[in-house]
J.: 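Sharing a structure here in structure tokens format.
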Amino acid sequence: MQKFDRALSEKLKIVSLVSIFLVLLNHVLPPHAGLRDAVLVMTRPNRVLFFGVAGFLFAFGLPFPKERLFQKWSDRARTLLVPYLLTIAVAKVCVAAYILLSPKSWLDESKVLSHIWNDGHLRWARLLSSEESHHLWFLEGLMFAVVVYGAALIFTRWNRAVHVALVAVSLICFYATPQVHIQAFLFFGVGTLLARRASLLTSAGPGDVWTGAIGVAWVGCVWGYLTMAEATKAGSAGHTLYLFLSCVGAVFLWLAIDRIPDGLRKVLVPFCPYVFPIYLIHIGILALIRRVVGKLFWGSFGWDLAGLFVVALLTAYASFLLARSIEIAFPSFAGLWFGGRGAARSRPSGQSNQSAVT
């Protein structure tokens, strides 16, 4: 069986941290329309990184028997499904409490809560279908991919042709529908294929010049996509460029992470175990920080750009502090909610660990 490379394990932790920061940038939604559109496109590599890494970790050590697959499914139920359900439940409770305790003027200004609040009364039926946990589609897509790829690959005894065909089918589906869960399935599949050639991730990448060239190509693709007409974006040309810029951006970030100074790495490492908790709980914190702090920045392109990073950084740190506080106050519940991440993680760093988010 393949052994998990320690250096790769450490890099994947930084990759997951970069991915969650891209998610936070994506969710800030600054008022400037042009900046908002650019951010939404430039953060798309996070999907490739998140699902690709998840697929790689899931399939690493292939081929493995069905007994190990069942163990992996059991582990994912504990580390993905349980946190998913608990996050939805906690979010419903928090939204209900916010509505019942907040001043009427705040609620009147809220576009998100207007449909579940009516003149002082909470509409419980609509609360059940509200979308404050919409960001959890990442986990939905991941759990779906884990079940389908796992069953298909075990059933076909890890046949390479079937494996490639499954990824090809997901690529065809990507062109047929813009459904985000299809993107999850596609990028997860690419990650499982990389597990067949793990050396591609551990080998030395190109030098600084080529890495810079890939970065320039990524920015060029983003610019090209942003300047497309909406009708073109919805066609095959738009889908192709979208897919290409997502993958090129992911490759650039993968290579650029190797060039992070050691001093900065030491600052980032303590936050890595909390990527998943940050992902789960950041939405409410981001909404509050955006409402309070964002107002100090919004107004022009330059200030919107500064506010974008300030809000994202404050949200990341505040989410980290909240996760630590929950761990201290309710350690058993935190271990369950965060799926064993955070301070509850006790696995050796060289062991395969599903820790990425974004």
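The structure displayed is predicted, hence computed values, not measured ones. Below, each value reflects all heavy atoms present in this structure, side chains not excepted, and no hydrogens, waters or symmetry copies.
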J.: To the nearest 0.5 Å, tell me how far H282 NE2 sits from T315 OG1.
T.: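 Taking NE2 in H282 and OG1 in T315, the distance rounds to 8.0 Å.
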J.: Just by distance, with hydrogens left out, do H135 and H27 show a side-chain donor and acceptor under 3.5 Å apart?
T.: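 On atom types as modelled, these side chains do not qualify, holding no pair under 3.5 Å.
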J.: Would you indicate whether the side-chain heavy atoms of R290 and W298 approach each other to under 4.5 Å?
T.: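 Yes, at least one pair of side-chain atoms sits under 4.5 Å.
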J.: Which value, rounded to the nearest 0.5 Å, describes the distance between I14 atom CD1 and I257 atom CD1?
T.: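 Atom-to-atom, I14:CD1 and I257:CD1 are 7.5 Å apart.
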J.: In the structure I gave you, are the side-chain heavy atoms of W337 and F330 within less than 4.5 Å of one another anywhere?
T.: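 Not touching, per the 4.5 Å side-chain cut-off.
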J.: Are L264 and L253 joined in one hydrophobic group, where the rule is that I, L, V, M, F, W and Y side chains link up if heavy atoms are under 4.5 Å apart?
T.: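 Linked within one cluster.
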J.: Counting C-beta onward and ignoring hydrogens, is there a side-chain heavy-atom pair between F56 and T192 closer than 4.5 Å?
T.: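 No; the side chains remain at least 4.5 Å from each other.
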J.: Among side-chain atoms of T240 and Y175, is any donor-acceptor pair under 3.5 angstrom?
T.: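 Yes.
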J.: Nearest 0.5 Å, what's the CZ-CD1 distance between F144 and I182?
T.: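 It comes to 6.5 Å.
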J.: CZ of F271: more than 12 outside heavy atoms within 6.0 angstrom?
T.: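 Result for CZ/F271: enclosed.
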J.: Distance from L57 atom CG to S9 atom OG, nearest 0.5 Å?
T.: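 These two atoms lie 8.5 Å from each other.
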J.: List the atom of V39, the atom of T43, and the distance in Å for their closest heavy-atom pair.
T.: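 Minimum heavy-atom separation between V39 and T43: O-OG1, 2.8 Å.
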J.: Please determine whether residues L288 and L29 belong to a single hydrophobic cluster, defined as Ile, Leu, Val, Met, Phe, Trp and Tyr linked transitively by side-chain heavy-atom distances below 4.5 Å.
T.: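 Cluster IDs for L288 and L29 differ.
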J.: Identify the two heavy atoms, one from P83 and one from L280, that lie closest to each other, and give their separation to 0.1 Å.
T.: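 That would be CB-CD1, 4.0 Å.
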J.: Let me confirm one number: the CD1-CG distance from I283 to L24, rounded to the nearest 0.5 Å.
T.: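 The distance works out to 8.5 Å.
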J.: If you define the side chain from C-beta out and look only at heavy atoms, does anything of K233 sit under 4.5 Å from Y242?
T.: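 K233 vs Y242: side chains apart.
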J.: I would like to know whether F187 and L49 meet side-chain contact (heavy atoms from CB on, under 4.5 Å); could you show each step before the answer?
T.: CA-CA 8 Å; F187 299 141; L49 293 173; over 6 Å; no
J.: Quick one: closest heavy-atom pair of G150 and W73, and the distance?
T.: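 Between these two residues, the closest heavy atoms are C-CZ2, 4.2 Å.
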J.: Please examine the side chains of F309 and L25, heavy atoms only from C-beta on, and report whether any two atoms are closer than 4.5 Å.
T.: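 Heavy-atom side-chain distance check passes, below 4.5 Å.
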J.: To check you understand the geometry: which heavy-atom pair defines the closest contact between A318 and I285, and what is its length?
T.: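 The pair with the smallest heavy-atom distance is CB-CG2, 3.7 Å.
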J.: Any chance CZ of R259 has more than 12 other-residue heavy atoms, nucleotides or ligands included, within less than 6.0 Å?
T.: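 Yes, enclosed.
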J.: Determine, using the 4.5 Å side-chain heavy-atom cutoff (strictly less than), whether F301 and V222 are members of one ILVMFWY cluster.
T.: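 As far as the 4.5 Å side-chain criterion goes, V222 and F301 are connected within one cluster.
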J.: Using side-chain contact (heavy atoms from CB on, under 4.5 Å), reason through V90 and F333 one step at a time and then give a plain yes or no.
T.: CA-CA 12 Å; V90 171; F333 176 70; 4.3 Å; yes
J.: Check whether D304 reaches the backbone of P30 with its side chain - one donor and one acceptor, N or O, closer than 3.5 Å.
T.: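 Here the side-chain-to-backbone pair does not exist.
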J.: Examine W254 and I260 and state if one hydrophobic cluster contains both, with Ile, Leu, Val, Met, Phe, Trp and Tyr joined whenever side-chain heavy atoms are less than 4.5 Å apart.
T.: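 W254 and I260: one cluster.
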J.: Verify, without hydrogens or angle tests, whether S19 (side chain) and V15 (backbone) share a donor-acceptor contact under 3.5 angstrom.
T.: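 Indeed, once roles are kept as given, a pair shorter than 3.5 Å links the two residues.
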J.: Could you give the distance from CG (L62) to CZ (F60), rounded to the nearest 0.5 Å?
T.: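 Answer for the CG-CZ pair, L62 versus F60, is 9.0 Å.
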J.: Compare all side-chain heavy atoms of V167 with those of L193 and state whether any distance is below 4.5 angstrom.
T.: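 Answer yes - side chains close enough.
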J.: Centroid separation under 6.0 Å, is that true for the rings of F185 and F174?
T.: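 Aromatic pair excluded; centres sit 6.0 Å or further apart.
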J.: If I compare all heavy atoms of R341 with all of P277, which pair ends up nearest, and what's the gap?
T.: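 That would be CB-CD, 4.1 Å.
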J.: Taking a hydrophobic cluster as the set of Ile, Leu, Val, Met, Phe, Trp and Tyr residues connected by side-chain heavy atoms closer than 4.5 Å, whether directly or through intermediates, do L40 and L35 fall within one such cluster?
T.: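 In one cluster: no.
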J.: Given side chains that start at C-beta, do those of R265 and E10 come closer than 4.5 Å, heavy atoms only?
T.: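 They are not in contact (no side-chain heavy atoms under 4.5 Å apart), so the answer is no.
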J.: Given D75 and Q71, is the side-chain contact (heavy atoms from CB on, under 4.5 Å) satisfied, shown in steps?
T.: CA-CA 6 Å; D75 290 342; Q71 182 59 52; 2.9 Å; yes
J.: Sort out for me which residue in Y279, Y317, F320 forms a ring-ring contact (aromatic ring centres under 6.0 Å, His included) with Y274.
T.: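 With Y274 as partner, Y279, Y317, F320 yield a single ring-ring contact (aromatic ring centres under 6.0 Å, His included), made by F320.
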J.: Is there a side-chain contact between W303 and L296, using heavy atoms and a 4.5 Å cut-off?
T.: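 Counting from C-beta outward, W303 and L296 never come under 4.5 Å.
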J.: Is it true that Y149 and F58 have ring centroids separated by less than 6.0 Å?
T.: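 Y149 vs F58: aromatic centres not under 6.0 Å.
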J.: Quick check on W210: does its CH2 atom have over 12 non-hydrogen neighbours (other residues, nucleotides or ligands) under 6.0 Å away?
T.: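 No, the 6.0 Å shell around CH2 holds no more than 12 heavy atoms from other groups.
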J.: Indicate the atoms forming the closest heavy-atom contact of A152 with L166, along with that distance.
T.: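 Closest approach of A152 to L166, heavy atoms only: CB-CD2, 4.0 Å.
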J.: List the steps, then state whether side-chain contact (heavy atoms from CB on, under 4.5 Å) holds for L8 with L12.
T.: CA-CA 6 Å; L8 177 59; L12 292 180; 4.2 Å; yes
J.: With a 3.5 Å distance limit and no angle check, can you tell me whether R36 reaches the backbone of P31 through a side-chain donor-acceptor pair?
T.: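 Checking the backbone N and O of P31 against the side chain of R36, a donor-acceptor pair under 3.5 Å is found.
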